[in-house]
Amino acid sequence: QVQLVESGGGLVQPGGTLRLSCAPSGSIFSINAMAWYRQAPGKQRELVAQITSRGSTNYVDSVKGRFTISRDNAKNTVYLQMNSLKLEDTAVYYCNLAVVLRVGGNVNVYWGQGTQVTVSS
């Protein structure tokens, strides 16, 4: 059973930085797309950033120039570097990985448990 382990959330002041990471536990074959979503209280979950297996990235407009998504394929890990954090970035952040468990297997989508990011003065 694969589970995603997230880390790096916390409380930070406006203008501060945080780095989130996410990796699967258990044995897998490969990971296709990796993404970070977030959900603020009373709002729908939104896609924050995504990175393909080839390294192409895209971001929601509100984080462009401040957040950077990256991946370490050797460690099967995705990161979200968050700089210049704003009050409106406060949310629970979830990683989302499209995982192939074995050679020739199907793609399975997994979600992390969520990590709280709070931006407050």
Trainee: Could you go through the side-chain contact (heavy atoms from CB on, under 4.5 Å) check for Gln3 and Trp111 one step at a time?
Mentor: CA-CA 8 Å; Gln3 294 183 333; Trp111 288 91; over 6 Å; no
Trainee: Just wondering, are more than 12 heavy atoms of other shown residues or ligands nearer than 6.0 Å to CD in Glu88?
Mentor: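 Atom CD in Glu88 is packed in, count exceeds 12.
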Trainee: Does some side-chain heavy atom of Asn106 sit less than 4.5 Å from a side-chain heavy atom of Val100?
Mentor: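 Heavy-atom side-chain distance check fails, nothing below 4.5 Å.
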Trainee: Using the ring centroid of each side chain, check whether Trp36 and Phe67 are separated by less than 6.0 Å.
Mentor: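 They do not qualify: ring centres at least 6.0 Å apart.
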Trainee: Quick check for you: to the nearest 0.5 Å, what is the distance between Asn76 atom CG and Phe29 atom CZ?
Mentor: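 Spacing of CG (Asn76) from CZ (Phe29) equals 11.0 Å.
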Trainee: Do Val92 and Val12 land in one hydrophobic cluster if side-chain heavy atoms of ILVMFWY residues count as linked below 4.5 Å?
Mentor: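 Each belongs to a different hydrophobic cluster.
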Trainee: Counting only heavy atoms not in Glu46, do more than 12 sit closer than 6.0 Å to its CD atom?
Mentor: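 It does: Glu46 CD has more than 12 such atoms within range.
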Trainee: Just wondering, do Gln50 and Thr57 contact through their side chains at under 4.5 Å, heavy atoms?
Mentor: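 Side chain of Thr57 against side chain of Gln50, heavy atoms only: no contact under 4.5 Å found.
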Trainee: What about Val103 and Ile31, same hydrophobic cluster or not, with Ile/Leu/Val/Met/Phe/Trp/Tyr joined at side-chain heavy-atom distances under 4.5 Å?
Mentor: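 No, separate clusters.
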Trainee: Measure the shortest side-chain to side-chain distance between Ser84 and Arg66 over non-hydrogen atoms and say whether it is less than 4.5 angstrom.
Mentor: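 Sidechains of Arg66 and Ser84: in contact.
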Trainee: Is there a path of hydrophobic side-chain contacts, each under 4.5 Å between heavy atoms of I/L/V/M/F/W/Y residues, joining Ile51 to Tyr37?
Mentor: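 No.
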Trainee: For Val2 and Ile28, what are the C-alpha separation, side-chain angles and deciding distance, and is it a side-chain contact (heavy atoms from CB on, under 4.5 Å)?
Mentor: CA-CA 8 Å; Val2 172; Ile28 66 167; 4.0 Å; yes
Trainee: Supply the atom-to-atom distance Met34 CE to Cys22 SG, rounded to the nearest 0.5 angstrom.
Mentor: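 Atom-to-atom, Met34:CE and Cys22:SG are 7.5 Å apart.
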Trainee: Is any side-chain heavy atom of Thr115 closer than 4.5 Å to one of Leu20?
Mentor: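 Side-chain contact under 4.5 Å: yes.
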Trainee: When rounded to the nearest 0.5 angstrom, what is the spacing between CD in Gln1 and CG in Leu101?
Mentor: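 The distance works out to 9.0 Å.
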Trainee: Can you find a heavy atom in the side chain of Leu97 that is under 4.5 Å from one in the side chain of Val109?
Mentor: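 Leu97 does not reach Val109 side chain to side chain.
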Trainee: Quick one, Ile69 with Val78, criterion side-chain contact (heavy atoms from CB on, under 4.5 Å). Give me CA distance, side-chain angles, the key distance, then yes/no.
Mentor: CA-CA 7 Å; Ile69 188 170; Val78 61; 3.9 Å; yes
Trainee: Answer yes if the side chains of Thr118 and Gln116 hold a donor-acceptor pair under 3.5 Å, and no otherwise.
Mentor: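 Yes, side-chain donor-acceptor contact under 3.5 Å.
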Trainee: Walk me through it: do Arg71 and Ser53 pass the test side-chain contact (heavy atoms from CB on, under 4.5 Å)?
Mentor: CA-CA 9 Å; Arg71 61 190 290 165; Ser53 58; 4.3 Å; yes
Trainee: Do Leu85 and Leu18 have side chains that approach each other closer than 4.5 Å (heavy atoms only, starting at C-beta)?
Mentor: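 Yes, side chains in contact.
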Trainee: Can you find a heavy atom in the side chain of Thr17 that is under 4.5 Å from one in the side chain of Met82?
Mentor: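 A side-chain contact under 4.5 Å is absent here.
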Trainee: Kindly compute the distance separating NZ (Lys43) from CZ (Arg38), expressed to the nearest 0.5 Å.
Mentor: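 Result: 8.0 Å between the selected atoms.
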Trainee: For Lys64, what residues pass the salt bridge (charged side-chain N to carboxylate O under 4.0 Å, His left out) criterion, not counting sequence neighbours?
Mentor: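 With neighbours one apart ignored, the set is Asp61.
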Trainee: First locate atom OG of Ser25, then atom CG of Leu4, and finally report the distance between them rounded to the nearest 0.5 Å.
Mentor: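 The CG atom of Leu4 is 7.5 Å from OG of Ser25, to the nearest 0.5 Å.
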Trainee: Any donor-acceptor pair under 3.5 Å linking the side-chain atoms of Ser21 with those of Thr77?
Mentor: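 The answer is no; no qualifying pair exists.
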Trainee: Look up atom CG in Leu11 and atom OG in Ser120, then write down how far apart they are to the nearest 0.5 Å.
Mentor: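 Answer for the CG-OG pair, Leu11 versus Ser120, is 6.0 Å.
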Trainee: Quick one: which residue pairs count as a ring pair (Phe, Tyr, Trp, His ring centres under 6.0 Å) with a foot in residues 72-102, not counting sequence neighbours?
Mentor: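 Ring pair (Phe, Tyr, Trp, His ring centres under 6.0 Å) check on residues 72-102 returns no pairs.
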Trainee: Determine the minimum heavy-atom distance between Val119 and Thr90, stating which atoms define it.
Mentor: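 Heavy atoms only, the tightest pair is N-OG1, 2.9 Å.
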